[in-house]
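The block underneath contains the structure these notes are about, expressed in structure tokens.
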Amino acid sequence: MNFLRFIAFAAFAAESVVCARAEELNAWPARVAETDDAGDVVSWTAAGPLLYDQPAESGARLVGFRPVFANWTGPDGATLETDVLYPLFVYRTNAETYRWSFFELINKTGSREPHAPAGASRLTPETFDLWPFWFSRDTGQPEESYHALFPLFGTIKSRFGYDRIDFTLFPLYGRADKNGAITTATPWPFVKT
């Protein structure tokens, strides 16, 4: 029993020594800051919990103004995620790709690398959607790329659970290919073959 008490006391003492290294400068609600041994500010909040700058996992940094803005920055200083009035506008990026979205109705994805030469396939396709009217993907290869202006005309490939969707003046004509099964509707949904 004495050994367990000693272990508990040692753990409590070690925790208090570790916590004693950081110092908190508290002028709440104006500003609360935590500093390290060297006196550098590690994290802070201001205006109560509204403004903040704090470390996140794996060396990333989180800065924001609740509920208007949040920005996650990676350890290398590159922006990883930005939200403005989430879910109104979101921006996500990594070393190879980016994605931005306005309320999930206007979406753009692409590669951060320079464009591939004409006729060459891209590792990451460029896509742009304006829901529910415009859908496009450009891979650099015509057999994999598409453009569609709904409901007027277009082709959509490898999307919405289908291999290919073609339409002209939808619902007057629509054609869907899924795993080799082709369904043609003229007009949809009344006449299907």
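When a residue number appears, it is its place in the shown sequence, counting from 1.
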### Query
Please walk me through it: do Asp83 and Arg92 pass salt bridge (charged side-chain N to carboxylate O under 4.0 Å, His left out)?
CA-CA 9 Å; Asp83 297 333; Arg92 306 284 186 262; 2.7 Å; yes

### Query
Going through the distances and angles, do Trp100 and Ile106 end up as a side-chain contact (heavy atoms from CB on, under 4.5 Å)?
CA-CA 8 Å; Trp100 61 262; Ile106 303 172; 3.8 Å; yes

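Residues Trp28 and Gly48 share a closest heavy-atom pair of NE1-CA, 3.7 Å. The two residues Val63 and Phe69 have their closest heavy-atom pair at O-CE2, 4.2 Å. Looking at every heavy atom in both residues, Tyr52 comes nearest to Leu62 through CE1-CG, 3.5 Å.
Val32 has its side chain within reach of Glu24: a pair of non-hydrogen atoms, C-beta onward, lies under 4.5 Å apart. The shortest side-chain heavy-atom distance between Phe167 and Leu172 does not fall under the 4.5 Å cut-off. When side chains are defined from C-beta on, Phe102 counts as touching Leu88, because their heavy atoms get closer than 4.5 Å. Side-chain atoms of Trp131 and Asn107, non-hydrogen and from C-beta on, do get closer than 4.5 Å to each other. Two residues are said to be in side-chain contact when any heavy atoms from C-beta on lie closer than 4.5 Å; Trp44 and Leu51 meet this criterion. Put simply, the side chain of Pro55 reaches to within 4.5 Å of the side chain of Ser43, judged on heavy atoms. Within the 4.5 Å cutoff, the side chain of Phe135 has no heavy atoms near those of the Thr127 side chain. Arg31 places a side-chain heavy atom less than 4.5 Å from the side chain of Val41.
Side-chain atoms of Asp166 never come within 3.5 Å of backbone atoms of Thr155 as a donor-acceptor pair (strictly under, hydrogens ignored). Side-chain N or O atoms of Thr93 include one that pairs as donor or acceptor with a backbone N or O of Thr97 at under 3.5 Å. At distances below 3.5 Å, at least one donor-acceptor pair connects side-chain atoms of Arg66 with backbone N or O atoms of Pro49. Of the possible polar contacts, one joining the Ser145 side chain to the Thr139 backbone as a donor-acceptor pair under 3.5 Å is found. Looking at Thr35, its side chain does come within 3.5 Å of a backbone N or O of Glu23 through a donor-acceptor pair.
One finds no salt bridge joining Asp129 and Arg137 here, because no Lys/Arg side-chain nitrogen approaches an Asp/Glu carboxylate oxygen to under 4.0 Å. Using a cutoff of 4.0 Å between basic side-chain nitrogens and carboxylate oxygens, Glu143 and Arg164 are not scored as salt-bridged.
With sequence neighbours excluded, no residue forms a ring-ring contact (aromatic ring centres under 6.0 Å, His included) with Phe190.
Cluster membership check: Ile165 does not share its hydrophobic cluster with Tyr173, using side-chain heavy-atom separations under 4.5 Å among Ile, Leu, Val, Met, Phe, Trp and Tyr.
Annotation: cation-pi pair Lys108/Phe128 absent, no NZ/CZ under 6.0 Å from the ring centroid and within 45° of its normal.
Open room surrounds OH on Tyr162; 12 or fewer heavy atoms of other groups in view lie less than 6.0 Å from it. By the 6.0 Å contact criterion, CH2 on Trp72 is enclosed, its count of non-hydrogen atoms from other residues, nucleotides or ligands being greater than 12.
Thr73 and Asn71 form a side-chain donor-acceptor contact under 3.5 Å, judged by distance and modelled atom types alone.
Summarising the geometry, atom OH belonging to Tyr91 is positioned 10.0 Å from atom CG belonging to Leu80; distances are rounded to the nearest 0.5 Å.
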